[in-house]
Amino acid sequence: MVQRVSQTAGDLLARLERIPQTGWHVRARMIVGVATFFDAFDLLAIASALPVLAGRWHLTPTQIGTIISAAFIGQIAGALFFGWFSEKYGRLAGLRWTVLVFSIASLGCAAAYDADSLFIARLIQGFGLGGEVPVAGAYISELARADKRGRFFLLYEMIFGVGITATGLMSIWIVPRFGWQAMFVIGALPAIVGLTLRRMLPESPRWLIGQGRLAEAEAAVEGIEQHVTARGIALPPPVRVPEPLRERTRVLELFSGPYLRRTLMIWAAWFCTYFIVYGETTWLPTIYRTVYKLDLQTALLLGTANGIASLSGDLLVAFMIDIVGRRVWYAAAFFLSALPLIVLWQLGAPDAYTVFGLSALSYVFVGSNAVSLVLYTGELYPTRMRALAGSIATVWARIAASFSPILVGWTIGEFNIAAVFAMFAGVALLGAILCGLAGVETKRRVLEDVSP
């Protein structure tokens with residue numbers, strides 16, 4: 001039995017901060033990672049279905065863009081609701097319900113029979129998907145110690161990129177053989193995780209401390225300590241950390257004191273990143289099929305390029321962000337992602353393989369921002385509003401993701417493919433400027449020190 005140091009909030013946080021990463025943390029990341037994997041899988045499954053449905057249902061570019069945007073519209077409501085829910089009832093409770101909602105709605109997508117029914121099913125599915133990423137992100141970041149929080153969190157968050165890539169690769173084999181509905185049937189599997197989550201993991205100790213439930217927080221911290229010491233790992237003495245403020249969650253606090261600048265900067269970063277990310281990933285397979293006239297299998301294969309490129313960016317940011325820092329990384333990544341898009345625009349997007357190569361190169365960098373924004377957002381706010389602030393920030397990603405596919409469809413119809421990449425380049429440059437000017441450095445700082 002590990003000896004108790006104290007029941008005070010500061011001492012419990014100090015004990016949590018001293019725990020090294022062990023197999024327990026890996027297990028926690030894997031369990032939550034299953035939900036995150038299928039969040040990405042279910043979100044991008046539509047990209048593999050639409051090349052089939054565009055011809056079968058005689059969909060117009062506007063209808064395609066609207067169906068793509070349906071999940072993102074639902075995510076706005078889901079992010080706001082589950083952000084509030086997880087602040088009030090806990091991280092695991094919020095995570096469990098998000099997983100159940102998007103899993104069940106995935107079966108509704110498989111049963112869709114026209115554009116309208118698919119739109120409705122995707123809207124409901126988006127409600128669950130919108131809450132999962134920020135709530136899961138809050139939970140994982142609250143388990144991590146300060147010195148290696150970036151790497152710890154991003155090696156978990158890479159699962160989202162793996163999910164995106166796996167969606168594309170699996171669709172190449174599954175869709176031609178079993179039909180587009182099979183992708184959504186597979187997307188219902190994480191309901192099993194949702195039903196068993198509470199039995200597998202403890203509630204976030206930081207959230208329990210913030211709620212004044214110190215006895216439960218003590219039990220959670222002690223359980224992790226016992227796992228570590230049972231494997232012969234000696235725990236260092238606790239180092240005092242700032243005592244967290246006991247205040248209620250207030251939305252208006254996002255716009256007061258030091259949080260105003262952080263809020264505006266991080267909202268802009270989410271919007272710029274996901275305007276590009278979902279504009280590209282959801283449209284490219286259909287562009288390859290309808291504009292460049294590639295066969296279905298080749299269109300789906302090339303459509304996975306961005307996901308594969310994203311994995312290299314994910315690895316790069318996971319191992320570098322604790323070294324170079326958050327502010328430098330985001331400004332540089334936005335700028336470097338803009339350069340291939342500018343080249344593509346100037347070349348006139350002449351063929352599918354030029355689009356394939358240059359868009360994938362751009363995605364290495366913008367994809368690294370996408371995978372790490374949950375980490376950075378969680379660091380900018382205190383525990384009392386971390387999940388809510390993160391969820392509201394992701395709303396700007398959902399707004400961008402809702403608007404971007406529709407605007408891409410309109411731009412293709414009114415102008416040409418090259419104009420689409422010029423638009424993406426401009427958004428990336430805007431993100432570079434804003435993050436460079438207003439970014440806040442958080443590397444290797446205890447969460448309670450960054451955000452009192």
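Along the sequence shown, the residues carry numbers beginning at 1.
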Query raised in the report: Between OG1 of T66 and CZ of R122, what distance do you get to the nearest 0.5 Å?
Result: 13.0 Å
Query raised in the report: Do you know which two heavy atoms are closest between F184 and A45, and how far apart they sit?
Result: CE2-CB, 3.8 Å
**Report entry** Validation row: L347, L358 side chains within 4.5 angstrom (heavy atoms)
**Finding:** yes
Query - Spacing of SG belonging to C272 relative to CG belonging to N369, to within rounding of 0.5 Å - result: 10.0 Å
Query raised in the report: Does the ring centre of Y330 sit less than 6.0 Å away from the ring centre of Y376?
Result: yes
Requested in this report: Please find out if less than 6.0 Å separates the ring center of W396 from that of F403.
Outcome: no
Report task. Using modelled atom types only, decide if a donor and an acceptor are shared between the side chain of S337 and the backbone of F365 within a distance under 3.5 Å. Result -> no
Query - Euclidean distance, C435 SG relative to R327 CZ, rounded to 0.5 Å - result: 10.0 Å
Report task. Go through the steps for F334 and L429 under the test side-chain contact (heavy atoms from CB on, under 4.5 Å), then give the verdict. Result -> CA-CA 6 Å; F334 270 127; L429 291 174; over 6 Å; no
Requested in this report: Return yes if a side-chain donor-acceptor contact under 3.5 Å exists between T8 and D11, otherwise no.
Outcome: yes
Report task. Give a yes or no on whether the backbone of G378 and the side-chain of R386 come within a donor-acceptor separation of less than 3.5 Å. Result -> yes
**Report entry** K443 versus D322, closest heavy-atom pair with distance
**Finding:** CD-O, 3.7 Å
Report summary line: Taken to the nearest 0.5 Å, the spacing of L129 CG from F38 CZ works out to 12.5 Å
**Report entry** Closest approach of L13 to R206 (non-hydrogen atoms, all atoms of both residues)
**Finding:** CD2-CG, 3.6 Å
Query raised in the report: With the threshold set at 4.0 Å, does a side-chain nitrogen-carboxylate oxygen contact exist between R384 and E87?
Result: no
Requested in this report: Could you walk me through whether E218 and L12 pass side-chain contact (heavy atoms from CB on, under 4.5 Å), step by step?
Outcome: CA-CA 7 Å; E218 171 77 7; L12 286 175; 2.6 Å; yes
Query raised in the report: Between L375 and G150, which heavy-atom pair has the shortest distance, and what is it?
Result: CD2-CA, 3.7 Å
Query raised in the report: Side chains of W270 and T377: donor-acceptor distance under 3.5 Å anywhere?
Result: yes
**Report entry** Smallest separation among heavy atoms of V99 and P190, with atom names
**Finding:** CG1-O, 3.1 Å
Query raised in the report: If we only count heavy atoms from C-beta on, is the T22 to R231 side-chain gap below 4.5 Å?
Result: no
Report task. Mind running side-chain contact (heavy atoms from CB on, under 4.5 Å) on M183 and I46 for me, showing each step along the way? Result -> CA-CA 9 Å; M183 295 294 290; I46 194 67; over 6 Å; no
Requested in this report: Using the side-chain contact (heavy atoms from CB on, under 4.5 Å) rule, take F275 and L407 through it: C-alpha gap first, then chi angles, then the decisive distance, then the call.
Outcome: CA-CA 10 Å; F275 186 94; L407 188 57; 3.8 Å; yes
Query raised in the report: Distance from L344 atom CG to L339 atom CG, nearest 0.5 Å?
Result: 12.5 Å
**Report entry** Side-chain donor/acceptor of S171 to backbone N/O of S48, under 3.5 Å
**Finding:** no
Requested in this report: Could you list all the salt bridge (Lys or Arg N to Asp or Glu O under 4.0 Å) pairs where at least one residue sits in residues 370-383, not counting sequence neighbours?
Outcome: R149-E379, R326-E379
Query - F271 vs I399 side-chain heavy atoms within contact, under 4.5 Å - result: yes
Query raised in the report: Heavy atoms, side chains only, cut-off 4.5 Å: are L201 and V32 in contact?
Result: yes
Query - Distance-minimising heavy-atom pair for Q125 and C109 - result: OE1-SG, 3.5 Å
Report task. Kindly indicate whether the side chain of M423, heavy atoms from C-beta on, has any atom under 4.5 Å from the side chain of V408. Result -> yes
Query - Side chain S86, main chain G83, donor-acceptor under 3.5 Å - result: yes
Requested in this report: Look only at the side chain of T394 and the backbone of A397, and say whether a donor-acceptor pair between them is shorter than 3.5 Å.
Outcome: no
Report task. Mark yes when over 12 heavy atoms from residues, nucleotides or ligands other than W24 sit less than 6.0 Å from its CH2; otherwise mark no. Result -> yes
Query - Salt-bridge present (E203, R213; N to O < 4.0 Å) - result: no
Query - Donor-acceptor under 3.5 Å (S141 side chain, G137 main chain) - result: yes
Report summary line: Checking F102, F127, W97 against F82 for ring-ring contact (aromatic ring centres under 6.0 Å, His included), the one that qualifies is F127
Query raised in the report: For M30, does the CE atom have more than 12 heavy-atom neighbours from other residues, nucleotides or ligands under 6.0 Å away?
Result: no
Query raised in the report: So, S204 and E142: side-chain donor and acceptor under 3.5 Å apart, yes or no?
Result: yes
Report task. Look at the rings of F37 and F41 and say which category their plane angle falls in: under 30° parallel, 30 to 60° tilted, over 60° perpendicular. Result -> parallel
Query raised in the report: Is there a donor-acceptor pair under 3.5 Å between the side chain of S256 and the backbone N or O of E253?
Result: yes
**Report entry** Over 12 foreign heavy atoms within 6.0 Å of CZ, F335
**Finding:** no
Query - Beyond-backbone contact of I104 with V101, side-chain heavy atoms, under 4.5 angstrom - result: no
**Report entry** Backbone of G257 reached by a side-chain donor or acceptor of R261 within 3.5 Å
**Finding:** no
**Report entry** Close side-chain approach of F356 and L284, heavy atoms under 4.5 Å
**Finding:** no
Query raised in the report: Could you give the distance from NE2 (H227) to CD (E222), rounded to the nearest 0.5 Å?
Result: 15.0 Å
Requested in this report: Indicate whether the side chain of S368 and that of W329 have a donor and an acceptor atom separated by less than 3.5 Å.
Outcome: yes
Query - I406 vs W410 side-chain heavy atoms within contact, under 4.5 Å - result: no
**Report entry** Test item: R262 side-chain N/O and L380 main-chain N/O as donor-acceptor pair under 3.5 Å
**Finding:** yes
